[in-house]
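Have a look at the structure below before the remarks.
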Protein chains: 4
Amino acid sequence: MISFTPEQVQAIRRSREKVARLHSELTRYNLVAWTAGNVSERVPGTQHFVIKPSGVDYDDLTPDNMILCDLDGNVIPGSAGSDRSPSSDTAAHAYVYRAMPHVGGVVHTHSTYATAWAARREPIPCVITGMADEFGGEIPVGPFAIIGDESIGRGIVQTLEGHRSRAVLMANHGVFTIGKDARDAVKAAVMCEDVARTVHIARQGGDLVPIEPHYIDALFDRYQNVYGQTPQGGMA
Amino acid sequence: MISFTPEQVQAIRRSREKVARLHSELTRYNLVAWTAGNVSERVPGTQHFVIKPSGVDYDDLTPDNMILCDLDGNVIPGSAGSDRSPSSDTAAHAYVYRAMPHVGGVVHTHSTYATAWAARREPIPCVITGMADEFGGEIPVGPFAIIGDESIGRGIVQTLEGHRSRAVLMANHGVFTIGKDARDAVKAAVMCEDVARTVHIARQGGDLVPIEPHYIDALFDRYQNVYGQTPQGGMA
Amino acid sequence: MISFTPEQVQAIRRSREKVARLHSELTRYNLVAWTAGNVSERVPGTQHFVIKPSGVDYDDLTPDNMILCDLDGNVIPGSAGSDRSPSSDTAAHAYVYRAMPHVGGVVHTHSTYATAWAARREPIPCVITGMADEFGGEIPVGPFAIIGDESIGRGIVQTLEGHRSRAVLMANHGVFTIGKDARDAVKAAVMCEDVARTVHIARQGGDLVPIEPHYIDALFDRYQNVYGQTPQGGMA
Amino acid sequence: MISFTPEQVQAIRRSREKVARLHSELTRYNLVAWTAGNVSERVPGTQHFVIKPSGVDYDDLTPDNMILCDLDGNVIPGSAGSDRSPSSDTAAHAYVYRAMPHVGGVVHTHSTYATAWAARREPIPCVITGMADEFGGEIPVGPFAIIGDESIGRGIVQTLEGHRSRAVLMANHGVFTIGKDARDAVKAAVMCEDVARTVHIARQGGDLVPIEPHYIDALFDRYQNVYGQTPQGGMA
């Protein structure tokens, strides 16, 4: 039977609270409908992560019904919430945590505009400076993959490893984002939908003017290193 | 004069509370304007259903002003709320309950994107996995029919009997959805608008990539049987 | 100096309360930005109407800062709120009340989709049954007219007199709606934007299927006479 | 070391309160995502302005964490909030205050529709009367410029000096607006997005009907001098 140190117990508690609370950002920004979408966080100092239960109302999410899993996606028996099933996307989150040790948070949504690009399997071109800041270039498209094996997780990892983007549009499906913690991944999900919407609307009105690559590089570099109250450091 | 057993009285009370409360999901997801739209539920263990009154503000809906009807759509005299008229769509709901014994809830809205597809009499193609999960394929279009006889109810039933979809776009009108109970039908109404919007926006941006039918089948099967905290069982 | 009977004083109070409160429906349905838009009501049993002050925040509207005007649009000296200027659209509201004695409420907004049709000077075609119910056909376009004389009021009246519609799109400007009281006019403003949006989106996706005129007549007739808790009677 | 008179201290306090509170209008109107966007105000009777800190949640903005800067954009040491970094757009705000003495407020957003026009480097044509009122003509496009020197500030000033518009679309970036105080600049940001959205949607539906220039002049003149509770006076 698994046991945790007092420090680990506290870290699990903090991740449960953060993950439960961060789900409200998905509803605030209208990224999810009904019970779709999910946030997880790797618990610092452990080989575990915390994730949303499956099919539970957003209004009913609490720290105690978040579900604690190991990095193979197995629910830890006897932990709070372990009487419920974890998100049906748990295997994909687990795959990402195993393959990308620098990732501390994962988010999945079917947000409208991002999913619209995904339904055409078309990457979002980088034509606004806020997108260069946040994603360092286009937001790429991952392969078509369905639930049931490791293909979604592998598709996320293989696509993001070649990009500065923290968001990937999974073909005909939706968005996965990664971050240094759950909050950072939620931010990426919010900003991904924001740029997906703005660039869609921009292109409906006529031809887009691209940003030259060296400007994109300069914007990404500044934003990752200077913006905000402390240097953030990039994911990449 | 009709009389109910104590168990039936309790079941009616529960359906009144559920139906009154579920209307707030229609406003939360912006599926309705002013007093349009309605939710009903078949009361388990009875030959009756509970439905919204006609033309009443969403803010003013309570369990006691929901209206109890028999399966011919007649208001039960003397029951709570029976001094008001039921939704003008009551005959359509009643027709569905008579014709489809496995249906426990019905919802009707004029939600924007679904009604836009309906104004072109065009089914929504299944190009995103969340739509395959929820509807098992395209969302079909029913016939043009106006209030006044059984043609709306018959159109709903004839269209849905040939489909896995729990939603039907009634031509030039709006959406009807069915479910195993009122909550399930409300979920279908929320998800129908979500996919109607996403697929509309996707197609505005260029050509859609279809999902192969065997993948749609696999997604629908998994979702109906595995998703959530307990096996749900499909409607079909 | 003008004096009111106790009954008139009470009627003015009721209209102030209704008009102040109904402005919150304009913000609830996102029909207005900043201080744009206005609602007025003819006070029953008087030759006066109550209207929003000019350029005041929606959060700050109260019964006591609504402004009482005569049917020429003059503020009644000494009445509550009379230290402020009434809406800059007051002359248009006054013109409508003088010319159309059956009108008890007027609303003006620049709601997004209705104003988009107005910017093309294109009427909204009647392709959904809810629009047939509410407006009895297309929503017509009025002339281009600017503030400064009676041309806006006259344009509203001349356009609506030939139509069943309670809404008119003033060219390159926005929407005016009328009703039997302020609430009815607000409902028309809400439903006008709803159909303007739905029909716009429908047409973006391809060709619309029109509704045959005899069906439109049947729908309008039923809705005006049967819908809701009591017969409403049409405006026309 | 800098010292302020009691009157200046009070004026700084009032600007802190106004600027903190006005940020909630950016979220109310959905002009910003996550921590993007910022409001500043020149403190009357000083050579300073107050601006939002960088990368702080909108929910966490208070008068005491607004940041006081001189007109070169330097944070005033020891002032409230001076332990944090000011908005990364501070240099642009400072440039505007130095170059345009009549400007008392500056706002920056990446609001969706305005940024969509900016991504095409296309000015918004003046086809609705509310836009003529507020902006006196088209909303112009400024040059492409990235953070790091004075190019953004200079681009804003050079573009707005030739226009009646209080809003400028910075190429591939977003919107900057100016006003006689922070509230006036926020109003311009709200109305800029409102007209950007309405004109975008209008043009998606077909050809726009322009407003003749002499009407635009008449509308702008009236609105700047008559609208609201007191004469406002134009910016220009």
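In what follows, every chain begins at residue 1, and chains take the letters A, B, ... in the order their sequences are listed. Every heavy atom of this structure was used, including side-chain atoms; hydrogens, water molecules and symmetry mates were not.
Using a 4.5 Å cut-off on side-chain heavy atoms (C-beta onward), Trp34(A) and Asp194(B) make no contact. In this structure the side chain of Arg120(A) reaches within 4.5 angstrom of the side chain of Leu208(B), judged on heavy atoms. The shortest side-chain heavy-atom distance between Tyr223(B) and Ile147(A) does not fall under the 4.5 Å cut-off.
Among all heavy-atom pairs drawn from Tyr215(B) and Ile146(A), the shortest one is CD2-CD1, 3.7 Å. Considering every non-hydrogen atom in both Ala119(A) and Ala202(B), the closest pair reads CB-CB, 3.9 Å. Nearest heavy atoms, Met191(B) versus Ala33(A): SD-CB, 4.0 Å.
To the nearest 0.5 angstrom, Asn172(A) atom CG is 10.0 Å from Glu212(B) atom CD. Once rounded to the nearest 0.5 Å, the distance linking CD1 of Ile128(B) with OG1 of Thr112(A) reads 8.5 Å.
Heavy atoms closer than 4.5 Å to chain B are found in the side chain of His200(A), but not in its backbone. For a residue to count as touching a neighbouring chain, one of its non-hydrogen atoms must lie under 4.5 Å from one of that chain's; by this rule Glu193(B) does not touch chain A. For Arg203(A), the part sitting under 4.5 Å from any heavy atom of chain B is the side chain, from C-beta outward, and nothing else. Of the two parts of Val190(B), only the side chain, counted from C-beta on, holds a non-hydrogen atom closer than 4.5 Å to a non-hydrogen atom of chain A.
Between Asp57(A) and Arg183(B) there is a salt bridge, since a side-chain N of the basic residue sits under 4.0 Å from a carboxylate O of the acidic one. Taking a cutoff of 4.0 Å between a charged side-chain nitrogen and a carboxylate oxygen, Asp59(A) and Arg28(B) qualify as a salt bridge.
Ranked by heavy-atom pairs shorter than 4.5 Å toward chain A, the options Val127(B), Leu219(B), Asp133(B) are led by Val127(B). The choice from Ala218(B), Gly206(B), Pro210(B), Ala132(B) that makes the most heavy-atom pairs within less than 4.5 Å of chain A is Gly206(B).
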Walk me through whether Arg121(A) and Asp207(B) qualify under salt bridge (Lys or Arg N to Asp or Glu O under 4.0 Å). CA-CA 10 Å; Arg121(A) 305 193 184 179; Asp207(B) 289 339; over 6 Å; no

